[in-house]
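Below is one structure; the comments refer to it alone.
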Amino acid sequence: MEISFYDTLSAQKIEFKPREPGKVYMYVCGLTPSNYPHVGHARTAVIFDLIRRIFEKNGYRVFYYSNFTDIDDKIIQRSLDENITTVEVVKKYSEAYLEAMDQLHIKPLEKWARVTENIPEIIEMVSKLIENGYAYESEGDVYYRVKKFSTYGKLSKRSIKEMLIGARIAPGEKKEDQLDFALWKAAKPNEPSWDSPWGKGRPGWHIECSAMSLKFLGNHFDIHGGAQDLIFPHHENEIAQAEAYTGISPFSKYWIHTGWVTLNREKMSKSIGNVFLISEALKVVSPNVLRFFFIETLYSSPLEYNLDQLHQASRAFERIVISIQRLEEAIAKAESGQKNEKMLNGFKKLHDSFHQALAQNFNTPQGIAVLMNAIRELNKLLDTGNQSLEDLQSIKAYFSDWFDTLGLVNVAETELSKEEWDLSSEMKVIASKHQIELSENQSVADMIQAFIQKRDEYRQNKQYFESDEIRNDLYALKIQLEDKKDGTEYRIIP
RNA sequence: GGCGACAUAGCCAAGUGGUAAGGCAAGGGUCUGCAAAAUCCUCAUGCGUCGGUUCGAAUCCGACUGUCGCCUCCA
């Protein structure tokens with residue numbers, strides 16, 4: 001299937017053409033691990049994971065690289081604040097980030113490139129830029145000569161002239177020009193540093209991504225990504241560095257930028273301080289729901305984060321979960337039989353629409369609309385009953401494929417985790433209230449069955465006050481009883 | 001000050017020239033002892049405002065209003 005998306009560099013929707021057939025080389029800017037990751041980081045990570053999955057579903061092998069900028073002013077500042085080494089700062093926060101990636105079902109990357117492991121490549125690049133006149137040394141610092149790079153501004157759509165007019169940048173004493181930016185910074189006392197032709201120092205921001213993406217992906221790779229706030233100056237500078245270094249344009253063929261997460265309509269940002277951590281969000285909703293919340297909106301639009309929106313996503317996702325649970329139950333009971341070609345054909349069409357939607361600028365909202373329509377069809381089908389095992393399994397395969405594409409895992413999981421099952425003590429309290437005998441080593445599932453049995457007795461005797469009381473008590477423990485034709489079932493409220 | 005993005009129902013949100021997807025919330029019917037779930041029905045002659053182009057515009061053009069962002073660190 002042809003995949004197209006909005007490319008920041010050409011400022012239009014383009015059809016993706018890989019550098020090598022069947023392969024996608026993608027570099028997405030990671031972060032500077034100087035703090036715990038917030039919901040904005042999660043969104044960007046989920047979106048690029050999704051993009052990767054979409055390419056994979058379309059038969060591409062994706063080489064996905066990202067980075068930790070593990071030496072930088074902020075890391076140094078943090079190490080002073082916390083009175084630990086810069087290495088410890090990086091370890092602490094990069095591990096927290098990687099753990100969050102794992103929780104959010106981000107598929108493993110090809111590599112997390114680190115600045116401190118690629119210093120020789122960076123020095124080589126800076127040296128070459130000085131040689132060919134794109135950079136100059138000044139008192140131990142090295143700066144990029146922006147005016148020398150004639151196409152500077154092509155990504156962010158601004159001109160050098162405009163920037164000089166609107167600039168608020170104070171001219172640095174060591175710079176030739178106020179637009180120039182640092183490639184190498186001379187070390188101050190007690191700062192981590194590396195030897196270089198310009199004395200002890202460390203790389204500036206920007207240079208590491210040019211050096212590492214060229215090193216690991218080669219020149220003219222397919223996709224360079226990141227959030228919108230990286231367009232300028234970070235990505236603009238990366239282009240200037242890389243293209244001046246290689247002499248070949250474009251450095252990356254396509255550029256994809258994600259919208260940011262807002263809080264009260266303002267950008268969630270460390271500097272403003274209006275930040276919700278991923279860990280905080282995951283206390284409120286499951287990773288599946290958080291992912292679902294992100295992909296309900298197109299990746300490039302701003303996304304307002306609040307509990308009400310999270311709740312809406314949660315409700316919608318719950319509908320999906322319930323239907324898939326019903327499907328699993330139906331499969332368990334179904335018998336082999338005739339194929340309903342017409343019905344399966346309907347699902348095949350939904351399948352095509354789903355992938356078509358995602359291939360069009362990764363349009364997940366439209367994909368979810370298709371998914372919801374499929375859920376409605378599934379519910380109707382399950383209401384009529386007696387579907388053959390083969391049919392139900394075919395339908396399940398479609399849903400599994402869609403969930404896999406969206407990175408939603410174990411959607412039909414009904415078993416409670418160990419922590420959630422730590423309900424037995426509370427359940428015993430309710431049990432004694434209703435004169436139900438529970439034994440010590442009974443599973444919670446068995447306990448619930450005991451409640452259901454007792455409630456059935458009440459209902460038989462039309463003691464509805466008592467039966468409703470049991471239902472309400474269990475509901476308070478997030479166990480919801482549902483009376484169906486062939487008996488009472490329960491489900492756990494997510 | 002310079003540049004840019006966005007504005008779709010009570011809320012969220014797709015839709016870039018052919019007559020408004022989907023979700024949440026709400027109301028009604030079926031089912032149920034009652035619920036819940038499910039299902040069916042209802043819910044924008046309308047897409048910030050005013051003009052223009054067109055046989056036809058939420059979609060293109062212009063002006064205006066509003067919100068946000070970038071120009072300094074940011075996912």
Side-chain angles (χ1 to χ4, degrees), chain A residues 13 28-32 34-35 37-48 66 72-74 77 97 153 156-159 161-170 179 205 225-234 257-262 265-272 275 292-293 296-298 300-304 306 308-309 311-320 322-323 325-326 353 357 360-361 363-373 375-376 378-380 382-384 458-459 462-465 467-468 471-472 475 480-485 488-491 493:
Chain A
K13 202 168 142 187
V28 179
C29 285
L31 40 56
T32 304
S34 63
N35 214 327
H38 59 67
V39 176
H41 299 125
R43 185 189 187 196
T44 301
V46 165
I47 287 168
F48 282 105
S66 186
D72 168 271
D73 291 345
K74 276 179 297 177
Q77 186 56 47
Y97 183 71
S156 56
K157 315 299 172 211
R158 57 189 83 190
S159 67
K161 201 175 155 192
E162 276 169 11
M163 280 184 282
L164 288 172
I165 295 167
R168 282 197 218 144
I169 314 157
L179 295 181
W205 188 31
Q228 280 173 4
D229 44 11
L230 294 181
I231 295 174
F232 190 91
H234 187 58
H257 291 96
T258 60
W260 38 66
V261 177
T262 61
R265 310 198 60 82
E266 277 190 316
K267 186 183 162 207
M268 187 180 283
S269 152
K270 276 184 272 190
S271 50
I272 303 175
V275 156
F292 192 79
F293 168 68
E296 273 186 317
T297 299
L298 200 61
S300 51
S301 303
L303 175 62
E304 173 74 7
N306 63 47
D308 186 52
Q309 296 311 323
H311 178 70
Q312 283 193 18
S314 184
R315 292 284 299 153
F317 185 68
E318 197 182 342
R319 266 192 64 196
I320 297 171
I322 290 165
S323 298
Q325 286 175 346
R326 286 183 70 197
S353 311
Q360 289 289 319
N361 202 27
N363 195 325
T364 47
Q366 214 160 69
I368 288 173
V370 175
L371 176 62
M372 287 321 234
N373 286 332
I375 288 289
R376 187 176 304 130
L378 172 63
N379 285 331
K380 281 188 201 169
L382 294 175
D383 278 352
T384 64
Y458 283 136
R459 293 175 74 212
K462 297 199 189 301
Q463 290 174 270
Y464 294 124
F465 179 81
S467 67
D468 285 354
R471 188 171 62 197
N472 292 338
Y475 187 78
Q480 182 159 305
L481 299 186
E482 292 171 6
D483 297 327
K484 307 235 166 126
K485 281 190 181 112
T488 300
E489 290 170 9
Y490 71 90
R491 65 183 185 84
I493 303 164

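Below, chain A is the first sequence line, B the second, and so on; all start at residue 1.
Of all nucleotides listed (B/A14, B/G23, B/U67), B/G23 comes nearest to the side chain of A/Gln312. Residue A/Asp308 has its side chain nearest to B/C11 when only B/C11, B/C70, B/G23 are considered. Picking from B/G33, B/A75, B/G22 the nucleotide with the shortest atom distance to the side chain of A/Met372 gives B/G22.
Remark: A/Lys462 pairs with no residue by the salt bridge (Lys or Arg N to Asp or Glu O under 4.0 Å) rule, at least two apart or across chains. Residues meeting the ring pair (Phe, Tyr, Trp, His ring centres under 6.0 Å) test with A/His257, sequence neighbours left out: A/His235. With sequence neighbours left out, the side-chain contact (heavy atoms from CB on, under 4.5 Å) criterion links A/Gln463 to A/Tyr458, A/Asn461, A/Glu466. For A/Tyr97, the ring pair (Phe, Tyr, Trp, His ring centres under 6.0 Å) criterion is met by A/Phe68, A/Trp112, not counting sequence neighbours. Residues passing the side-chain contact (heavy atoms from CB on, under 4.5 Å) test with A/Val261 are A/Val39, A/Arg43, A/Met268, A/Tyr305, sequence neighbours excluded. Among residues two or more places apart in sequence or in another chain, the salt bridge (Lys or Arg N to Asp or Glu O under 4.0 Å) test is passed with A/Arg471 by A/Asp468. Residues passing the side-chain contact (heavy atoms from CB on, under 4.5 Å) test with A/Ala313, sequence neighbours excluded: A/Val289, A/Phe292, A/Phe293, A/Glu296. Qualifying side-chain contact (heavy atoms from CB on, under 4.5 Å) partners for A/Thr364, counting only residues two or more places apart in sequence or in other chains: A/Leu50, A/Ile295, A/Leu358, A/Leu406.
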Grab the N/O contacts between the protein and nucleotides 3-7 of chain B below 3.5 Å, and write none if there aren't any.
none

Dump the pairs, protein N or O against N or O of nucleotides 58-60 of chain B, anything under 3.5 Å, distances to one decimal.
none

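Counting only heavy atoms from C-beta outward, the side chains of A/Thr384 and A/Lys380 never approach each other to under 4.5 Å.
In this structure, the CD atom of A/Glu304 is 14 Å from the C1' atom of B/G69, given to the nearest Å. One interatomic measurement links the two molecules: NZ of A/Lys267 to P of B/U72, which rounds to 13 Å at whole-angstrom precision. Atom CG of A/Leu179 and atom P of B/C70 are 19 Å apart (whole Å).
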Exercise for the section: List the protein contact pattern of nucleotides 15-21 of chain B with one symbol per nucleotide (5' to 3'): B for base contact, S for sugar-phosphate-only contact, - for none; contact means a heavy-atom distance under 4.0 Å. Expected result: S-----B
Completion exercise
The contact string for nucleotides 34-42 of chain B, one letter per nucleotide 5' to 3', using protein heavy atoms under 4.0 Å with B, S and - for base, sugar-phosphate only and none, comes out as BBBSSSS--
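For A/Tyr464 and B/G33, the ring-to-base geometry satisfies the stacking test (centroid distance below 5.5 Å, interplanar angle below 30°).
In this structure, A/Thr297 reaches the sugar-phosphate backbone alone: every heavy-atom distance under 4.0 Å involves primed, P, OP1 or OP2 atoms, never a base.
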